[in-house]
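Take a look at the structure below.
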Amino acid sequence: VTIIPDFAFALEDMFLKTEATARSLPRIGLVLSGDAFGHQYEAMRVAIRKYTIGNPIAEFIHIPHSRSYVDRFNNDVLVGEALWSGISIYHAEREERFRCAPFTNEIAAIAATYKTLDAVISERYHGILFGLMSKIPVIAAIGNIKNRSILEDFPDRGILGFLTDEELHE
């Protein structure tokens with residue numbers, strides 16, 4: 001059996017931070033997929049509402065990794081917009097602390113976004129991989145074989161795995 005490594009492994013140098021970014025709050029990337037119109041992200045919306053107003057602990061940026069014109073279940077752009085509209089963004093403080101990155105398939109632009117992160121929460125394989133390559137803490141959904149394989153391949157990298165949105169919220 002010949003195993004061909006994922007293309008992303010050759011891009012690791014693009015994701016390494018060159019200098020620290022001074023911010024008052026840590027920036028957490030969200031790479032989420034699925035049904036933007038379902039209830040699967042209710043716990044995430046509650047957490048974002050809680051942690052972005054009053055005594056905020058972080059700012060969040062949703063990073064879409066896919067966009068589909070025909071399948072809402074494979075359209076991360078919709079997921080980001082559903083989160084944005086579901087967290088009561090009308091609070092001015094909250095709008096400064098949660099934003100959606102534009103979709104792009106330009107790897108340099110994606111790498112530039114990851115370089116600004118202090119951690120990433122990802123349901124997507126490449127979100128987990130790019131977080132590892134950026135040398136930031138990664139919280140990973142491990143509900144599919146691809147994502148579980150990263151935990152098995154990199155057991156010493158400190159990836160925290162979760163199966164459901166409720167587990168992540170805990």
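Each residue takes its place number in the sequence, starting with 1. Treat the numbers as computed from the prediction; the structure is a model and nothing was measured.
- Between Val31 and Tyr114 there is a side-chain heavy-atom pair separated by less than 4.5 Å.
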Show the numbers, then the answer: is there a side chain to side chain contact (heavy atoms under 4.5 Å, CB included) between Ser134 and Lys115?
CA-CA 7 Å; Ser134 300; Lys115 286 180 180 183; 5.8 Å; no
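- For the residue pair Ser122 and Gly127, the shortest heavy atom distance occurs at OG-CA, 3.4 Å.
- Between Ile121 and Ile28 there is a side-chain heavy-atom pair separated by less than 4.5 Å.
- The nearest pair of heavy atoms linking Ala101 to Pro64 is O-CD, 3.3 Å.
- Counting only heavy atoms from C-beta outward, the side chains of Phe103 and Ile110 never approach each other to under 4.5 Å.
- Judged purely by atom type and a 3.5 angstrom limit, Asn147 uses its side chain to pair as donor or acceptor with the backbone of Glu123.
- Taking hydrophobic clusters as Ile, Leu, Val, Met, Phe, Trp and Tyr residues chained together by side-chain heavy-atom distances below 4.5 Å, Tyr125 does not share a cluster with Val77.
- Between Ile61 and Phe98, the closest side-chain pair of non-hydrogen atoms is not below 4.5 Å.
- Contact check for Leu30 versus Val79: no side-chain heavy atoms found under the 4.5 Å cut-off.
- Separating the CE atom in Met44 from the CD1 atom in Ile87 is a distance of 11.5 Å, to the nearest 0.5 Å.
- Annotation for Ile150 and Leu129: closest pair CD1-N, 4.2 Å, computed over non-hydrogen atoms.
- Less than 6.0 angstrom separates the ring centroid of Phe130 from the ring centroid of His65.
- Annotation: side chain of Ile159 is in contact with side chain of Leu132 (closest heavy-atom distance under 4.5 Å).
- Using a 4.5 Å heavy-atom threshold, the side chains of Arg124 and Leu32 count as separate.
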Full working for side chain to side chain contact (heavy atoms under 4.5 Å, CB included) between Thr52 and Glu59:
CA-CA 7 Å; Thr52 56; Glu59 63 181 54; over 6 Å; no
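- Taking CG of Leu151 as the reference point, atom CG of Leu160 lies at 8.5 Å (rounded to 0.5 Å).
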Take Ile107 and Phe15 through the test side chain to side chain contact (heavy atoms under 4.5 Å, CB included) and record every step on the way to the result.
CA-CA 10 Å; Ile107 196 69; Phe15 286 85; 4.1 Å; yes
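- Not a single donor-acceptor pair under 3.5 Å links the side chain of Arg45 to the backbone N or O of Leu83.
- Of all the heavy atoms in Arg97 and Pro56, the pair that sits closest is CZ-CG, 3.4 Å.
- At least one donor-acceptor pair under 3.5 Å links the side chain of Arg49 to the backbone N or O of Gly86.
- With no hydrogens or angles considered, a side-chain donor-acceptor pair links Asp6 and His126 at under 3.5 Å.
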Residue pair His62, Asp76: steps toward the side chain to side chain contact (heavy atoms under 4.5 Å, CB included) verdict
CA-CA 9 Å; His62 182 264; Asp76 298 359; 4.1 Å; yes
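- Counting only heavy atoms from C-beta outward, the side chains of Leu25 and Ile57 never approach each other to under 4.5 Å.
- In summary, the side chains of Ser68 and Asn75 do not present any donor paired with an acceptor at a separation below 3.5 Å, with no hydrogens or angles considered.
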